[in-house]
Every structure is written in structure tokens, then in C-alpha cells.
Amino acid sequence: MASSHNKDEKIIYVGDSRVPQKNHESVPRDYMAYPGKSEVFIPNFLLKEWMVASVFMVGFLVLILVDPAPLGEIADPTNAQFIPMPDWYFLFLYQMLKYPYLANKFVVFGTIVIPTIAFGALTLAPFLDTGKERRFYKRPISTGLMLLSIAAIIFLTNVSWMHYEEELEAKGLKPEKHATGGGKKKEEKMGVMAKDHPGFAVFKKATCVSCHGADMKGMSAAGIPALLGVGDKLDQAAIMNIIKNGSENKKMSAQYDSNINNGITPDEMNQLAEWLSKQKKTP
Amino acid sequence: MKFTDFNQSIWNETSAYYDTCVIPYSGLTGNETPPRVVQLLSGLKERLEWIEVPFKGRVITYPALQYCFEGFSEFTNYLINNLRSVGFKFVILVVAPSVIIKQECAFDLVIDDRNDDSAKCKEEILQLWRKDVSNL
Amino acid sequence: MKSVYSWMDERLDITPLWRDIADHEVPEHVNPAHHFSAFVYCFGGLTFFVTVIQILSGMFLTMYYVPDIINAHSSVDYLQNKVAFGDIVRGMHHWGASLVIVMMFLHTLRVFFTGSYKAPREMNWVIGMLIFMVMLGLGFTGYLLPWDNKAYFATKVGIQIAETAPVIGAYIKEFLQGGPVVGAQTLTRFFAIHVFFLPAVMLALLGGHFFMIRKQGISGPL
Amino acid sequence: MSDGIAKGHDQHTEQSNHKKEMSRRQFLTYTLGATGGFLAAGITIPMIRFAVDPLLEKGEATDFVKVTEVSKLTTTPIEIRFQVNQVDGWVESNPELIAWLRKDEAGNVTALSPVCKHLGCTVNFVSTDNKYECPCHGAQYTNEGKNLKVAPLPLDEYSVKVDNGSVYLGQIIPNHLTSK
């Protein structure tokens with residue numbers, strides 16, 4: 001380096017000629033005050049940091065590959081079924097608002113007063129906790145308050161999550177994960193199978209079409225399931241049972257007799273059930 | 001073109017060229033299930049495209065008649081007269097597939113299951129226009 | 001490489017700058033190679049690492065993303081499912097957002113329990129807390145951008161909560177929403193805040209944070 | 001760059017055991033570089049692949065669509081219908097288009113768009129007159145698309161590419177045959 005070898009040749013630029021050039025070298029900070037072995041930052045210590053970062057990154061990439069980022073259905077402001085949930089790190093604040101003295105009339109406490117006090121105290125911690133002592137077990141008040149807050153955060157987050165899961169179960173909903181992307185790809189692959197089977201002709205004649213649709217995709221908004229891939233879940237006998245007696249959740253009523261009245265023979269109904277049982281996702 | 005493609009100034013400039021009016025008719029009775037309605041309307045839309053695309057510069061599609069009703073023929077005669085008074089020379093009714101018009105009415109042409117084919121339908125319209133020229 | 005460096009150094013005298021940034025000693029008590037328990041001192045660095053990932057992946061995501069209520073969802077769907085490695089890049093940004101909060105939380109706890117926020121490092125602690133809040137802001141504004149149901153309803157709730165603030169609540173709501181409802185204008189607003197305003201604030205704060213660490217050094221052993 | 005720092009550092013700290021320390025330091029520096037490279041690569045490679053994806057996407061018929069063989073064309077125009085699959089990111093469209101193709105005396109393939117330049121009806125080729133005629137208001141065009149009656153402009157063309165005996169059609173462009 002020019003600076004270390006030929007000091008005389010080096011031109012030092014000083015922006016303003018009235019400012020005197022500083023001649024002192026920047027002196028690395030001396031850590032000799034601390035006992036024990038210290039280490040240079042580059043390369044020794046940074047290498048260790050980067051080793052940790054490498055391990056961290058591999059774990060991070062594995063997480064990404066295992067669990068892709070979710071994307072729900074496009075926002076529908078009229079969807080009254082949807083349970084709003086903030087990101088997980090806001091859950092404890094959200095849960096707090098569900099308690100009587102922090103909600104409704106007193107909502108200002110939950111939304112403003114408590115968070116402001118908590119965050120304010122945390123921000124101003126160095127000015128509130130001015131003692132010289134640094135070890136946490138010698139600072140019972142600040143340590144105690146912090147542990148209490150952490151416990152409260154964990155507790156509230158957990159309660160909020162449990163509550164959400166219960167609500168989902170009560171409403172019979174599933175959290176939207178890959179509503180469009182992944183789902184669409186699979187559905188496209190999944191078509192109506194065994195189209196030359198006589199049951200397909202019966203299906204088109206029968207009452208099935210008016211709800212489940214000619215493409216057998218059902219109407220998810222109205223709670224009518226798709227019949228594509230029904231053979232993976234039910235066999236011929238189970239399908240026949242639903243046709244004869246209606247579905248378990250009573251959403252679909254018995255369809256057998258009305259079809260017989262429409263001129264479909266019992267043999268054809270059997271063909272229909274057999275054909276439906278052949279509707280599998282994978283051939 | 002669709003009636004929505006016009007505003008007053010476009011109409012002032014080009015009305016001489018648009019002498020044919022198309023009325024879509026879905027002929028619903030109310031007995032249809034929703035999927036059946038979808039099927040009917042998409043069939044009707046397809047028929048409309050046979051006319052709208054090749055004859056874009058001469059025909060205008062007006063808002064549709066959706067349900068069948070008593071007195072269809074009187075009403076349509078009244079409608080046709082009014083349309084002619086605006087300046088349309090021809091009024092064509094395009095009917096959804098499998099809907100049958102039993103009553104007499106004064107349309108210059110009815111597109112229904114009898115001429116259920118893009119080429120046939122185009123030919124009929126051309127004939128209609130040619131007839132007009134020969135009348136002159 | 002070396003000659004390019006010397007050429008630049010001759011003109012700009014950058015060696016002292018590098019010395020300032022890189023040339024210092026790290027004491028034993030923060031070195032996990034000496035005491036394994038010193039791994040707690042890595043959290044700050046890892047937070048920074050994830051922040052860098054967030055900035056980079058965010059920059060790349062905007063190559064495909066559109067902040068518009070009609071196209072936002074389709075563009076996210078497209079970049080995630082149709083573009084090669086789109087699931088990884090979006091995954092990085094999505095999971096990175098959570099991880100950065102986790103890491104920052106752990107870093108905060110480490111600083112708290114080692115009492116490192118005490119004099120003379122009070123200012124750095126305050127700046128750190130500001131960074132924490134900016135990060136939460138980034139999380140809140142970023143959540144809306146894919147414009148799916150989760151995004152929409154969570155944001156609606158968030159804005160309702162902001163509205164409860166006395167006196168200024170209604171104004172905050174109006175400001176965040178940009179209109180009478182959560183909709184097109186909210187999305188563009190959140191996009192601008194998420195992509196330009198908060199990152200700018202965060203970079204400034206991070207600069208201050210690092211400057212103070214170099215100036216004051218790491219806190220001594222307990 | 002880091003070499004420079006390392007060297008600069010040497011000169012004012014470690015004096016003893018100079019040579020040995022140098023090599024260890026160098027080793028650490030290289031390992032540091034490698035680790036840094038690994039970190040940078042792990043993060044940026046997916047992103048860069050993500051960014052250049054449009055370049056690597058197979059350009060399947062994005063610009064030109066194969067419609068027919070040259071050998072099937074004559075000096076009399078024939079009507080060809082074809083679909084273009086236009087995918088622009090998440091915006092997809094599949095319009096069906098019509099072209100009238102002919103081969104002129106010199107063997108050049110031309111393709112005309114049958115959309116009348118008057119009011120947008122679809123013109124047809126009438127072989128008895130050797131003209132394009134519009135059913136709506138009687139506009140007429142030559143077989144090269146030159147406007148004869150009613151229409152203010154000649155018919156548009158498709159850009160044509162002939163490759164290995166096949167005809168490919170691309171964008172619609174203003175007619176350049178008639179200006180010659």
C-alpha cells in the first residue's frame with residue numbers, strides 16, 4: 001500500500017484548505033482492558049460469525065423448501081366466514097383486546113395505554129435502570145419485570161392461537177394456504193376419469209349434474225364438494241349409500257328415488273356408482 | 001358493435017352505416033336451474049359472436065330480452081316499429097339454443113335452432129341485406 | 001485486484017476507512033470458540049444477516065409484484081408458482097420476516113440480561129428499540145401486499161385498532177387507509193411505506209446502531 | 001481487498017513469528033472468502049435465477065405462430081384461422097385470428113388481416129372478381145389489400161416468416177405491399 005511504503009509520494013486530499021490535516025493514524029480500540037485472549041475481527045472472528053451464519057442459512061433454506069409461503073384466496077371483503085388473524089408476533093396485542101377491562105369502553109387501555117407503557121418503559125430502560133450493576137441476577141426488579149412480560153407474551157400468544165384453532169374447528173374451516181397456485185395446478189391435472197364408462201352417460205342424465213356440475217368441480221362457495229377424486233375417499237358401496245340416503249351432514253338429500261322416477265334404471269344407478277368410485281386423482 | 005360502444009358524437013358521425021339491430025333473446029321461463037341458465041346464456045353468446053364479429057361495422061347489439069311472456073308477439077312488433085323509427089332498417093332476433101319461438105312476429109330474421117351454424121347464419125344475413133339492395 | 005485497490009487507495013485514502021470498520025480486536029467473552037455460552041452474542045449479527053436477505057429478496061420480488069388490488073394477488077400467485085425459484089424467493093421474504101423478529105427479540109433479550117444497555121450505551125439501546133418498531137411496521141405493512149383474505153382482514157383489524165387512539169385515531173385511520181375503505185389506495189400506501197419509507201428509516205437507524213457499536217465497542221464481560 | 005487490510009494490520013501488530021503468522025492469516029482469509037462466497041451464493045443464486053427467468057423461459061410461439069405450409073399456397077388467397085396464445089405474466093389471452101394467405105408470382109408469402117378498415121367488419125375474398133369485398137358496406141380491396149372503394153386505408157398485414165417450408169405469422173402491421 002502506498003500509505004505504508006512511500007509516505008512522501010502520497011497525496012492527502014483535504015476538502016477545505018483551512019481545515020488542518022489530521023496526522024494521527026486511526027488507532028484500533030484497545031481491548032487489553034478485558035482479561036483473556038482477544039482476537040482480530042478480520043479474519044479470525046468474522047470467520048466464526050460467518051460459520052454460524054452458514055449453518056443458519058442452510059437451516060433457513062431447508063425451512064423455505066419444506067414449508068412454502070402461504071397465499072390464500074384473493075381478498076373478498078364480503079367474506080363473512082373469514083376469521084381475521086394478524087401476523088403471529090402481533091397476536092399477544094390482539095389477544096389483550098379480548099379481555100373485558102381492555103376492550104369496548106376501555107379499549108384505549110388495550111390499544112394505547114398498555115402498549116405505550118410497555119414499549120416506552122422498554123425503550124427508556126437505560127434511564128429507568130441506572131444502577132451500575134449489569135448482572136441480571138443482581139437486578140431483581142428489571143429482570144423480574146422482563147421475565148413477567150415474556151411470560152405474558154408467550155401466554156397471550158398461545159391463548160390467542162388456541163382460540164383461533166377452536167374457532168376454525170367450530171366453523172368447520174381450514175386456514176387458506178395455497179388456495180390458488182398449488183391447488184389450481186393439481187385440479188387441472190385432475191380431470192374426469194373413465195369417460196367411456198357407461199356411468200358417465202348416466203351421470204349427465206341424473207340429478208347430480210345440477211349441483212356438482214358437468215365438470216364435477218362442485219361449488220365450494222355453496223359447500224358442494226367436487227366429485228373429482230371421490231374414488232380416493234369412498235368406494236362404490238359408500239357412494240351408493242350417499243345416493244340412496246343422502247350425505248352424512250344432511251346437505252345432500254337422498255337422490256335415488258327421484259332419479260328412478262326420472263326414468264333411470266337401477267342398473268344404471270349401479271353403473272353410476274361404479275363409475276364414480278373410479279374417479280381417482282391418480283389413474 | 002355493442003350499444004355501449006356508442007356515444008352521441010360517434011352515433012352522429014356513423015349512424016348511416018349501422019342499419020341492423022340485433023336483439024338477443026334468452027327465452028327463460030323460470031323453470032331452469034342455474035347451471036342450465038349458464039348453458040343457455042353461453043349458447044346465446046356464441047350465436048351472437050357469429051354475427052357481431054364478421055359484421056362488426058354494420059350491426060348493433062341491443063340489450064337482451066330475457067324471459068318469455070304472454071303477448072310476446074305484440075310487444076316485439078311494437079319494439080320493431082320503434083327501432084325502425086330510430087333508423088334501423090333490419091331487426092334480427094337471436095334466440096338462445098333450444099328455445100323455440102312459436103308466435104308470429106315481424107323480425108326480419110330470427111336466428112334459432114334452424115340456422116344453428118355460423119356459416120348458415122352469416123349467409124342468411126347477407127341474403128337479407130342483398131334483398132334490400134334489390135328492392136331499391 | 002491488489003493494483004486496483006492501490007490505485008483507488010492512492011486517490012481516496014481508503015485504508016484508514018477500512019481500518020476503522022474492520023481492524024479491531026474482539027474480546028474473548030463474546031467469542032463462542034472460547035465459551036460456548038457466548039453464542040448469545042451472535043443474535044445481533046444474525047438479525048443483520050436476515051435483514052440483508054429481506055432487503056435483497058424484497059428488491060427481487062418487486063420485479064414481478066404489482067401493488068394494485070386487481071393484479072396484486074395474481075402477480076404474487078404468478079411469481080410464486082410460475083417463475084423459477086419464485087417459491088424460494090418469496091419463501092425467503094415470508095419466513096425471513098418472522099425470523100428477523102425472532103432474532104431481534106433474542107438479541108434484545110441478550111442485551112437486556114447482560115445489562116449492556118447501561119451507560120454509556122443508552123443511546124444505542126434507544127436506537128435498537130426504534131429499529132424494533134420499524135421492523136414491526138414493516139411486518140404490518142408487508143402483510144397486506146399479497147392481497148389475500150388473510151392480508152385484507154388482518155389489515156382491517158389493525159387499522160381498527162389504530163382508530164381507537166383518542167383524538168388522532170380517526171386521522172391515523174384515514175392516513176393509513178388513504179380512503180374511506182381498505183382498498184386500492186390502502187394497498188399503494190402500504191406498498192410505498194413498506195418499500196421506501198420504512199426501509200429508508202431502518203437503514204439510517206442501522207447506520208447509527210453500527211456506528212455506535214464501533215465507537216463504543218462491545219460491552220465488557222460481566 | 002481484504003489482503004490489503006490483512007497486510008496493513010500485520011505491520012503494526014504481530015511482529016514475532018512473522019512468517020508463520022502470515023500463512024495462517026492467509027489461510028483464514030481465504031476460508032473467510034470461501035464462507036462469504038457460500039453465504040452470498042446461497043442467498044443470491046435463487047434470486048438471480050428468479051430475476052432472469054424470463055430470459056430462460058422457452059419462447060414457445062410467443063412471437064410467431066406456425067399456420068400452414070408454403071406448398072399449400074397459391075396466388076389466390078386462402079383463409080386460415082389460427083389461435084395465438086399470448087401469455088404476458090399472469091395475463092393470458094387466446095384470441096382466434098383470421099388471415100388470408102397468398103403467394104405472389106415471385107413466391108413471396110403475404111398474409112392479410114380481413115378486418116375492414118372502414119368499420120371493422122370481416123372481409124371475404126371473392127375469387128371471381130379477384131378482390132376482397134366487405135359484406136357490410138361494399139368496401140373493396142385488391143388481392144394485395146389496396147383499398148379500392150369505401151375504405152380509407154389498405155388492409156393490414158401480418159408479419160410473415162417462412163422457415164423450412166412452413167409459414168409463421170406474427171404481429172399485425174400496416175400494409176406495406178400497396179405502397180410499392
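Below, chain A is the first sequence line, B the second, and so on; all start at residue 1.
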Go through the atoms of [X] and report whether side chain, backbone, both or neither lie under 4.5 Å from a heavy atom of chain A.
{"X": "C:Phe140", "value": "both"}
{"X": "C:Ile101", "value": "side chain"}
{"X": "C:Val182", "value": "neither"}
{"X": "C:Met103", "value": "side chain"}
{"X": "C:Leu136", "value": "both"}
{"X": "C:Ile161", "value": "both"}
{"X": "C:Leu109", "value": "side chain"}
{"X": "C:Ala119", "value": "neither"}
{"X": "C:Met123", "value": "neither"}
{"X": "C:His93", "value": "neither"}
{"X": "C:Phe49", "value": "side chain"}
{"X": "C:Ser98", "value": "both"}

Over all atoms of both residues, closest heavy-atom pair of [X] and [Y]:
{"X": "A:Gly110", "Y": "A:Met96", "value": "O-CE, 3.3 Å"}
{"X": "C:Thr186", "Y": "C:Leu176", "value": "CG2-O, 3.6 Å"}
{"X": "C:Leu145", "Y": "C:Thr141", "value": "CG-O, 3.7 Å"}

So what's closer than 4.5 Å to chain C heavy atoms on [X]: side chain, backbone, both or neither?
{"X": "A:Leu61", "result": "side chain"}
{"X": "A:Leu122", "result": "both"}
{"X": "A:Leu65", "result": "side chain"}
{"X": "A:Ile150", "result": "side chain"}
{"X": "A:Glu39", "result": "both"}

Looking at chain A, which one of [options] has the largest number of heavy-atom pairs inside 4.5 Å, strictly under?
{"options": "C:Lys150, C:Glu122, C:Lys156, C:Lys118", "value": "C:Lys118"}
{"options": "C:Leu46, C:Asn31, C:Asp87", "value": "C:Asn31"}
{"options": "C:Gly45, C:Ser74, C:Gly139", "value": "C:Gly139"}
{"options": "C:Val157, C:Thr114, C:Val126", "value": "C:Thr114"}
{"options": "C:Cys42, C:Ala97, C:Ala151, C:Pro146", "value": "C:Cys42"}

**Report entry** Listed once per pair and sorted, the ring-ring contact (aromatic ring centres under 6.0 Å, His included) pairs that draw on residues 113-160 of chain A, sequence neighbours left out
**Finding:**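 Checked against ring-ring contact (aromatic ring centres under 6.0 Å, His included) - neighbours excluded - the pairs reaching residues 113-160 of chain A are A:Phe136-C:Phe113.
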Requested in this report: Return the orientation label for the A:Phe60 and A:Phe56 ring planes: parallel under 30°, perpendicular over 60°, tilted otherwise.
Outcome: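 It falls in the parallel class, under 30°.
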Query raised in the report: When the ring planes of C:Tyr152 and C:Trp147 are compared, do they come out parallel, tilted or perpendicular, using 30° and 60° as the limits?
Result: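 It falls in the perpendicular class, over 60°.
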Query raised in the report: With a 6.0 Å cut-off on ring centres, are A:Tyr89 and C:Phe105 close enough?
Result: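 That pair fails the under 6.0 Å test.
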**Report entry** Ring centre gap for C:Tyr143 and C:Phe190 strictly below 6.0 Å
**Finding:**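 Distance test on ring centres: not under 6.0 Å, no.
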Requested in this report: Mark yes or no for whether A:Asn79, through its side chain, and A:Phe82, through its backbone, hold a donor-acceptor pair below 3.5 Å.
Outcome: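 Yes, A:Asn79 side chain to A:Phe82 backbone: donor-acceptor pair under 3.5 Å.
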Report task. Using modelled atom types only, decide if a donor and an acceptor are shared between the side chain of C:Arg214 and the backbone of C:Phe210 within a distance under 3.5 Å. Result ->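 No, C:Arg214 side chain to C:Phe210 backbone: no donor-acceptor pair under 3.5 Å.
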Query raised in the report: In terms of heavy-atom pairs under 4.5 Å, which option from A:Ala125, A:Pro84, A:Ala75 contacts chain C the most?
Result: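 Greatest number of close heavy-atom pairs with chain C: A:Ala75.
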Report task. Using the ring of C:Trp125 (Phe, Tyr or Trp, six-membered ring only), decide whether C:Arg121 places NZ or CZ under 6.0 Å from its centre and within 45 degrees of its axis. Result ->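 Because its charged atom misses either the 6.0 Å distance or the 45° angle limit, C:Arg121 does not stack over C:Trp125.
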Query raised in the report: Do you see a donor-acceptor pair shorter than 3.5 Å between the side chains of C:Asn124 and C:His209?
Result: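 The answer is yes; a qualifying pair exists.
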Report task. Using only heavy-atom distances, determine whether the side chains of C:Tyr5 and C:Thr15 contain a donor-acceptor pair under 3.5 Å. Result ->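 Yes, side-chain donor-acceptor contact under 3.5 Å.
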Report task. Please identify each residue that fulfils side-chain hydrogen bond (donor to acceptor under 3.5 Å, both in side chains) with C:His107, with sequence neighbours left out. Result ->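 Here no residue qualifies.
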